[in-house]
Amino acid sequence: MVDPLNAWWAQQLVLCDWAFAPDPLTLEAEVAVARLGNLGVVDRGELGWRLLEALGIGDPDPARLLSALEVTALGGAAGWLSESRARDWAQRLAEDISAHHPELDDWLAALCRARSVEGWVRGDDGFSEACEALATLEHEGEGVTWDLLREWLVVNRRPLVLWPEAPEEQPWRLRAAFSPVLELPASPHDWQGLAAWLSEDWQVTGREELIRVLLWLAAQGDRQAWDLDATRLLSAGDPERQAWLEGLAPQEVAAGRVLLGFVERGEPLEWAAWDWLRLVDLAWAGACLGWLDETEARDFAAHGADLVMRRYSDWSALARAYQRGRSLFEGHDRLGELAADWALLLQSPVSPWKPPLQELVDEATLEASRSAMRAWRRDPRHWVLALAAVREPELSGRQGIDPALPPARREEARGYLAETLDLHADEGAEALARYWLPAQAHHLNQLAADAAHGILPPAQTPFGHAAPADLAGRDALGRASRHAATIHMAEKYAFHLQMAMDSGSFDGQRLAVLATALHGSLCRFYPDARRLLSAWAHWEALLPDPDQPSLVDEIRWHLDDPGSLFHWLDWRPREWQEPGPRPNLTHFTAMALVGPLNSAAWSLPQAESERECGSIREWVDSHYGLHGPAELGDFLSYLLEVGDRQEYQINYAPYTLNPGRLASEIATLESGECAEEERNHLLRLQRVRDDEDGCNDLDLAAWDLAQAVDLAIAGRQLGWLGEGDFLELLERAHGLAAQHYGGWEEYARGLYAGFSFFMGETVEREAFLAGFRQALVSWLAAAPPLAGPWASLDFPGARPRHWAPMHVDTLPGDGRQLH
């Protein structure tokens with residue numbers, strides 16, 4: 001029995017110089033591909049455009065309708081279209097033709113008019129002969145009449161499947177922004193010259209590179225830099241905007257002008273569709289080349305759809321956002337071309353974009369995609385990458401499969417570690433523990449809690465008044481009381497860890513263990529990306545690095561962008577094992593007894609490399625004449641049991657009871673030449689005479705305690721003290737401090753008096769004392785907040801006076817902890 005659609009279709013192909021055959025799909029595949037090439041249809045993507053254009057907007061072009069019938073037949077014969085899809089397109093074309101041309105003569109007349117107007121030529125004589133042949137076929141009953149075709153179309157009217165329609169295939173409709181997807185699965189004949197295009201335009205030559213680009217487009221793309229510039233331009237005045245434009249590199253000026261134009265005329269500053277539609281396009285490319293299997297490619301495409309559906313309400317908003325991104329990328333405002341560029345997709349009755357955007361992809365497909373995207377980022381190194389990429393956005397391009405780094409990058413990382421951190425390969429990965437500072441997080445959380453309740457220490461101290469700017473910064477910490485502070489130090493640690501990974505100088509397995517520990521720690525303190533990024537933004541705003549630009553805008557970008565890597569990390573908590581040791585509260589308090597004699601110790605000391613040990617040994621020798629563990633142990637016992645305070649009690653305190661003898665001794669020493677030792681003795685006698693800095697009335701044990709703890713830390717770094725001995729010494733110092741003093745202010749007075757009294761002769765004395773006084777002000781007032789931890793710690797043995805922080809990132813041993 002004759003198939004009316006096939007017969008009618010074959011009849012129309014006579015107008016295209018085809019010999020009449022009952023089935024238009026029987027042409028040999030090789031011949032069909034060759035004919036498609038002659039017609040300029042070099043791949044299935046172009047075929048999709050031809051079909052979409054044929055059934056476009058307004059009155060149909062008869063020439064295009066006939067051409068579409070031909071390329072549909074050729075596509076089916078070539079295997080580019082399945083038989084059912086080819087028939088559905090033929091039926092849709094037949095419906096359009098019969099609706100606008102009810103009679104054969106009308107159809108042929110329309111074709112003749114199109115031929116004369118558009119220069120549509122098949123040969124001057126051949127077309128006329130084809131028209132006569134078509135009329136003969138119908139009139140002689142060898143074909144299908146138009147009346148019979150219309151009857152068949154009415155009887156067989158049904159929803160036609162022109163585009164892939166299975167739920168899991170819907171994300172590919174987004175790819176129509178570049179060319180419509182007609183059939184699945186993808187294959188090389190979907191995209192001619194694809195491999196060369198990827199290599200030239202994307203520098204992508206294989207699967208791993210492609211995956212990294214796909215993940216980069218999803219997580220950052222071109223949009224981040226534009227977003228950040230736009231944010232800053234919005235708050236800038238005209239002079240600042242002009243200065244920004246003039247400061248751009250030459251290759252960036254054109255895009256800068258476009259962006260500035262968007263800002264000045266109030267255009268919505270949003271263009272993420274530029275990245276996310278290209279994500280779908282490259283996922284299709286990967287499927288065409290076989291670099292991605294069908295499931296992988298679909299998951300990436302669905303991820304693009306997921307992100308698009310979160311950001312845009314409809315197809316028009318999506319198209320306009322893409323056009324803005326394209327404008328910035330090309331450095332030429334293309335918004336005036338929006339209607340012309342997107343009319344087919346937005347208005348055609350057969351557009352693959354006919355379904356509502358928000359209903360494009362079902363939940364099951366989205367969930368499968370979300371799982372796949374998280375699986376690509378499951379390796380804990382992605383936590384390191386995410387944190388480090390906020391400071392160095394280029395790192396975002398390393399998601400997925402870790403790339404081999406060029407030697408220049410490795411050298412750059414080694415230089416950073418050596419010059420900035422004084423960290424070298426011979427120290428091993430364990431040396432990174434010194435940059436994990438849990439005590440600093442405890443300190444900041446405590447200050448924030450106290451600030452929120454208005455119980456911070458007074459600005460006026462025995463050594464002066466804290467600077468107003470420092471006090472303002474301290475008092476503002478109350479705004480972060482609900483945000484755990486671990487991220488403030490953890491992000492810096494992550495950047496150092498990333499540099500260690502990049503250097504190639506450390507054991508990779510050990511670095512992976514540290515990345516896992518970082519992951520576990522952050523999951524413990526922050527349940528999701530929003531909480532982590534909110535905390536980071538607050539602490540970054542409150543404690544900006546004076547030597548670096550603020551990261552607040554970058555952090556908030558990651559908070560707001562649904563594609564950001566942070567939202568696609570593995571947030572499942574793992575076993576909590578931190579990248580470095582966490583001191584308990586007693587040990588941290590004891591280490592704080594050093595005060596301004598040294599920089600604040602925010603973590604337990606570890607054994608240092610031989611390189612670092614050399615300078616520590618030199619310091620211990622030059623200041624104390626100690627040369628090994630035994631001498632150190634004896635001297636530490638001396639400091640804790642008697643120390644310099646005993647020298648004062650024996651050699652100087654008696655003079656306070658006999659001023660006459662003190663004056664005589666001073667006069668004798670002043671009348672003659674003094675050796676260095678005698679000169680120091682004279683200076684101390686004069687200090688006793690003048691009760692300089694309260695030396696005659698204050699307990700000077702603080703001076704011995706500070707020295708003892710400082711030396712113990714050095715001994716631990718040198719390996720002269722084991723961990724157990726070191727912690728035992730801290731506990732002894734903690735107990736002695738409780739016996740001698742009632743609080744940090746009293747301790748600070750004793751420390752300053754001892755520092756002043758026992759200082760040797762130097763012309764820099766007044767400068768040293770002034771600096772020490774200023775440091776004591778900062779430590780006592782917590783202004784600036786990271787000067788030292790006294791303000792956040794209860795003094796040994798003193799009554800607790802602090803509010804409990806609201807977080808679990810506090811040190812063990814805190815009796816006020818709520819958790």
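The figures that follow rest on heavy atoms only: side chains count, while hydrogens, waters and symmetry mates do not.
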Do Glu392 and Arg398 meet the salt-bridge criterion of a basic N to acidic O distance under 4.0 Å? no

Given the options Phe758, Phe463, Tyr747, Phe757, Tyr752 meets ring pair (Phe, Tyr, Trp, His ring centres under 6.0 Å) only with Phe463

Separation of Glu252 CD from Leu328 CG (nearest 0.5 Å): 12.0 Å

Can you name the nearest heavy-atom pair linking Ala218 to Arg223, along with the distance? O-NH2, 2.6 Å

Any ion pair linking Glu612 and Arg434 (charged N to carboxylate O, less than 4.0 Å)? no

Sort and list the pairs that fulfil ring-ring contact (aromatic ring centres under 6.0 Å, His included) and have at least one residue in residues 529-548, not counting sequence neighbours. His483-His538

Side chains of His740 and Glu746 only: does a donor on one sit below 3.5 Å from an acceptor on the other? no

List the atom pairs, with distances to 0.1 Å, where a side-chain N or O of residues 484-495 and a protein N or O form a donor-acceptor pair under 3.5 Å, not counting sequence neighbours.
from   : atom 1 : to     : atom 2 : distance (Å)
Thr486 : OG1    : Asp809 : OD2    : 2.7
Glu491 : OE1    : Arg391 : NE     : 3.0
Glu491 : OE2    : Arg391 : NH2    : 2.8
Lys492 : NZ     : His488 : O      : 3.1

Partner of Leu533 under side-chain contact (heavy atoms from CB on, under 4.5 Å), picked from Asp560, Ile555, Val390, is Ile555

May I have the step-by-step check of side chain to side chain contact (heavy atoms under 4.5 Å, CB included) for Leu542 and Leu444, ending in yes or no? CA-CA 11 Å; Leu542 293 168; Leu444 291 174; over 6 Å; no

Could you grab the distance from atom CG of Leu705 to atom CG of Asp710, nearest 0.5 Å is fine? 12.0 Å

Donor-acceptor pair, distance only, cut-off 3.5 Å: does the side chain of Trp790 make one with the backbone of Ala592? yes

Asp561 (side chain) donor-acceptor with Ser564 (main chain) under 3.5 angstrom: yes

Between Asp794 and Arg799 (salt bridge meaning N to carboxylate O under 4.0 Å), is one present in this structure? no

Specify the closest pair of heavy atoms between Pro579 and Leu514, including all atoms of both residues, with the distance to one decimal. O-CD2, 3.7 Å

More than 12 heavy atoms of other residues, nucleotides or ligands under 6.0 Å from CG of Asp238: is that the case? no

Counting heavy atoms not belonging to Arg524, are there more than 12 under 6.0 Å from its CZ? yes

Gln224 versus Trp557, side-chain donor and acceptor atoms under 3.5 Å: no

Taking 4.0 angstrom as the limit, do Asp570 and Arg377 come out as a salt bridge? no

Parallel, tilted or perpendicular: ring planes of Trp803 versus His453, cut at 30 and 60 degrees: parallel

Heavy-atom closest pair (Gln399 atom, Leu385 atom, distance to 0.1 Å) is N-CD2, 3.9 Å

Can you find a pair of side-chain heavy atoms, one from Phe588 and one from Pro789, that are under 4.5 Å apart? yes

Heavy atoms, side chains only, cut-off 4.5 Å: are His442 and Asn445 in contact? no

Locate the shortest heavy-atom distance separating Ala702 from Leu751; write the atom from each residue and the value. CB-N, 3.4 Å

With a sphere of 6.0 Å drawn around CZ of Arg531, does it hold more than 12 non-hydrogen atoms of other residues, nucleotides or ligands? no

Salt-bridge present (Arg310, Asp306; N to O < 4.0 Å): yes

So, Arg556 versus Thr231: side-chain donor-acceptor pair below 3.5 Å or not? no

Determine whether Asp502 and Met499 make a side-chain contact, defined as any pair of heavy atoms from C-beta on separated by less than 4.5 Å. yes

Atom pair CD/CG of Gln242 and Leu260 - distance to nearest 0.5 Å: 7.5 Å

If I take atom CD from residue Gln707 and atom CG from residue Asn598, how far apart are they, to the nearest 0.5 angstrom? 12.0 Å

Taking NZ, NE, NH1 and NH2 as the nitrogens, is one of them in Arg311 or Glu270 under 4.0 Å from a carboxylate oxygen of the other? yes

Between Glu412 and Arg409, does at least one N-O distance fall below 4.0 Å, as a salt bridge requires? yes

For a side chain to side chain donor-acceptor pair (under 3.5 Å) with Asp450, tell me which candidate from Arg474, His802, Arg801 qualifies. His802

Any side-chain heavy-atom pair of Tyr435 and Leu497 under 4.5 Å: no

Name the one of Trp568, Tyr526, Phe566, Trp571 that satisfies ring pair (Phe, Tyr, Trp, His ring centres under 6.0 Å) with Trp383? Trp571

Option passing side-chain contact (heavy atoms from CB on, under 4.5 Å) with Ser503 (candidates Gln498, His424, Arg414): Arg414

Taking atom CG of Asp422 and atom OG of Ser615, what is their separation to the nearest 0.5 Å? 8.0 Å

